[in-house]
Number of protein chains: 2
Amino acid sequence: MPKYKQFDRDKVLEAASVVFHEKGYNGTSIDEILTATGLSRSSLYDSFKDKHNLYLQSLEFYKEVNDKKIQNLDEKNLNGLQKLETMFKSVVNHLSEHPDDNGCLLVNAAAEMSKQCFKTSQVVCNNKEELQNLFSTWISDAEEKKVVKLQKPAKIYGQFFYNTLCGLRVMSQSGAGKTELSNIVKVALDSLN
Amino acid sequence: MPKYKQFDRDKVLEAASVVFHEKGYNGTSIDEILTATGLSRSSLYDSFKDKHNLYLQSLEFYKEVNDKKIQNLDEKNLNGLQKLETMFKSVVNHLSEHPDDNGCLLVNAAAEMSKQCFKTSQVVCNNKEELQNLFSTWISDAEEKKVVKLQKPAKIYGQFFYNTLCGLRVMSQSGAGKTELSNIVKVALDSLN
DNA sequence: TAAAATTTGGAATATATGTTCCGAATAACT
DNA sequence: AGTTATTCGGAACATATATTCCAAATTTTA
């Protein structure tokens with residue numbers, strides 16, 4: 001089945017990230033990854049070097065997918081507050097419709113690996129910075145358009161909403177349902193007056 | 001070295017919970033636990049059955065220690081808002097003074113294990129319910145004493161502040177420092193007007 | 001002082017796990 | 001058609017890991 005790559009790198013990373021998402025890094029074995037991806041052992045090691053490297057690439061793939069989703073939202077013709085509301089609504093919907101989805105791979109990676117693996121912490125940290133910045137721009141936009149009134153610099157609200165988002169991911173893994181999650185979002189959004 | 005137990009169960013669980021906290025369940029080996037606790041292999045299996053059981057007992061021990069701390073705070077002669085503020089302040093201080101402390105064992109357990117181990121999810125879920133309820137009573141107290149004015153039922157704020165708390169634990173693992181964490185707390189507390 | 005009760009160190013076991021390696025299979029290129 | 005380049009299946013390997021088991025050690029009790 002040569003002479004060129006027989007598998008789609010993105011599909012492999014997608015499948016791998018699902019397994020890592022479900023079981024964590026230390027909880028998933030190479031064999032599980034092989035069956036999930038359909039790859040042969042040798043192909044995996046040829047193309048992804050080793051388990052740890054595959055994990056990092058899965059994290060980055062997962063992050064890129066999330067980034068694209070949120071870029072799509074960002075490009076829509078909505079004011080910043082509406083973007084924030086839409087984002088939270090879709091997160092709440094996703095979490096409550098897929099309670100088996102184990103929260104967020106990046107949050108789980110932060111919990112499991114960030115203190116043991118510098119590269120993991122870098123991915124997690126970049127994700128945090130990027131989202132906080134994006135949220136800040138949304139909030140600034142909402143302020144300029146006078147749909148909200150801020151008591152503090154927009155940057156701080158960016159941090160606050162990212163914190164709220166991280167919380168939601170943990171909450172859904174602790175048994176929180178849809179009403180609870182959306183109540184939390186409502187209170188958080190109320191802080192914009 | 002018989003004839004009665006040579007080791008202090010609480011100290012063993014304390015040491016074990018530190019290791020599980022650092023490396024997660026799947027990331028820590030029995031050997032690491034043995035060196036951390038000073039126990040012999042046979043003693044560990046005699047007294048704690050196996051690794052999984054030890055993990056659950058460590059979780060519960062960790063939870064009890066946290067419960068006691070917060071009970072101490074609850075018994076102080078403060079109004080509910082002050083209790084909430086004190087709690088957040090000490091969490092922020094702890095997280096920023098011990099950035100190596102890997103967040104919160106229970107949050108990490110939720111991320112790593114709650115979907116794979118029902119008993120873990122029970123501990124995590126109980127912890128969530130208890131803290132949310134406690135926070136609700138604090139907020140009700142603050143309302144009765146007219147130090148805050150609520151726009152929503154106190155219960156919802158209990159959920160919201162627990163969410164904020166979970167977020168902080170993840171944030172500190174994603175590289176957030178003291179100012180960032182306390183900014184977030186300020187915004188959250190502002191939601192009580 | 002001897003017997004009983006219990007812990008514990010360490011060997012032993014069985015399995016899981018990450019990784020390597022080589023030959024067979026296959027498609028493109030000459 | 002034959003050569004080359006590359007993938008892939010599966011065996012093989014080495015190590016890690018969870019767990020069991022037994023004899024030696026030790027303290028209390030009789």
Side-chain angles (χ1 to χ4, degrees), chain A residues 1-59 61 108-109 112-113 115-120, chain B residues 1-59 61 108-109 112-113 115-120:
Chain A
M1 312 158 181
K3 164 169 187 174
Y4 300 115
K5 277 259 188 304
Q6 291 297 297
F7 55 85
D8 181 345
R9 184 174 174 277
D10 280 5
K11 291 209 167 158
V12 169
L13 291 180
E14 157 69 22
S17 69
V18 168
V19 187
F20 282 131
H21 194 173
E22 276 171 12
K23 310 221 174 185
Y25 177 73
N26 288 304
T28 71
S29 68
I30 293 284
D31 283 355
E32 285 172 302
I33 292 172
L34 296 184
T35 51
T37 59
L39 242 64
S40 82
R41 205 173 296 273
S42 0
S43 305
L44 189 146
Y45 280 92
D46 275 359
S47 306
F48 298 97
K49 183 175 177 180
D50 60 14
K51 185 188 177 186
H52 191 251
N53 213 279
L54 176 66
Y55 179 70
L56 289 172
Q57 293 194 42
S58 302
L59 284 189
F61 175 80
N108 295 5
E112 187 185 3
M113 300 292 287
K115 283 282 143 44
Q116 295 168 69
C117 168
F118 179 63
K119 291 189 175 176
T120 298
Chain B
M1 308 156 183
K3 168 171 190 173
Y4 299 114
K5 278 259 187 303
Q6 292 297 296
F7 56 85
D8 181 345
R9 183 174 174 279
D10 280 5
K11 292 210 167 159
V12 169
L13 290 180
E14 156 70 21
S17 70
V18 168
V19 187
F20 283 131
H21 194 171
E22 276 171 12
K23 309 222 174 185
Y25 176 73
N26 288 304
T28 72
S29 69
I30 293 285
D31 283 355
E32 285 173 301
I33 293 171
L34 296 184
T35 51
T37 59
L39 243 63
S40 81
R41 205 172 296 273
S42 3
S43 305
L44 188 147
Y45 280 93
D46 274 358
S47 306
F48 299 97
K49 186 175 175 176
D50 59 14
K51 184 188 177 185
H52 192 249
N53 213 280
L54 176 65
Y55 180 70
L56 289 172
Q57 293 193 43
S58 302
L59 283 189
F61 175 80
N108 295 4
E112 186 184 4
M113 299 292 287
K115 285 280 144 43
Q116 296 168 69
C117 168
F118 180 64
K119 291 190 175 174
T120 298

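Proximity of B:T120 to B:Y25: side-chain heavy atoms (C-beta onward) are nowhere separated by under 4.5 Å. In this structure the side chain of A:D8 never reaches within 4.5 angstrom of the side chain of A:E14, judged on heavy atoms. Two residues are said to be in side-chain contact when any heavy atoms from C-beta on lie closer than 4.5 Å; B:F20 and B:N108 fail this criterion. The shortest distance between side-chain heavy atoms of A:N53 and A:F48 does not fall below 4.5 Å.
Computed from coordinates, the B:D46 CG to C:dG9 C1' distance equals 12 Å when rounded to whole Å. Atom CG in A:N53 sits about 15 Å away from atom P in C:dG18, given to the nearest Å. Rounded to whole Å, the distance from CZ on B:R9 to P on C:dT7 is 14 Å. Between A:L44 atom CG and C:dT20 atom C1' the separation is 13 Å, expressed in whole Å. For the pair B:H52 NE2 and D:dT19 P, the interatomic distance rounds to 10 Å; values are reported in whole Å. Following rounding to the nearest Å, A:F48 (CZ) and C:dT19 (P) show an atom-to-atom distance of 14 Å.
Annotation: proximity of residues 20-39 of chain B to DNA chain C (heavy atom, distance under 4.0 Å) is found for no residue.
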Item to check | Residues B:T37, B:K11; criterion side chain to side chain contact (heavy atoms under 4.5 Å, CB included); working and verdict | outcome: CA-CA 8 Å; B:T37 59; B:K11 292 210 167 159; over 6 Å; no
Item to check | Evaluation steps, side chain to side chain contact (heavy atoms under 4.5 Å, CB included), between A:T28 and A:Y55 | outcome: CA-CA 10 Å; A:T28 71; A:Y55 179 70; over 6 Å; no
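Residue B:S43 has no polar side-chain atom (N or O) positioned under 4.0 Å from OP1 or OP2 of C:dT7. Contact annotation: A:S40 does not reach the phosphate of D:dC8 (side-chain N/O to OP1 or OP2, under 4.0 Å).
Computed from C1' positions of five pairs at each end, the angle between the two local axes of the helix from C:dT1-D:dA30 to C:dT30-D:dA1 equals 0°, rounded to 10 degrees.
For A:E32 (side chain) and A:S29 (main-chain N/O), a donor-acceptor pair under 3.5 Å exists by modelled atom type. A donor-acceptor pair under 3.5 Å links the side-chain atoms of A:E112 to the main chain of A:N26, judged by distance alone. When atom types are taken as modelled, the side chain of A:Q57 and the backbone of A:L13 share no donor-acceptor pair closer than 3.5 angstrom.
Heavy atoms of other residues, nucleotides or ligands lying less than 6.0 angstrom from NZ of A:K51 number more than 12.
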I'd like a list of close polar pairs between nucleotides 10-13 of chain D and the protein, N/O only, cut-off under 3.5 Å.
{"residue": "D:dG10", "atom": "O6", "partner": "A:S42", "partner atom": "OG", "Å": "3.1"}

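The side chain of A:Y45 approaches C:dT20 more closely than any other nucleotide in the set D:dC8, C:dG9, C:dT20. For B:K51, counting side-chain heavy atoms from C-beta on, the closest listed nucleotide (D:dT19, C:dT8, C:dT19) is D:dT19.
Here the closest heavy-atom approach between residue B:F7 and residue B:V12 is recorded as CD1-CG2, 3.6 Å.
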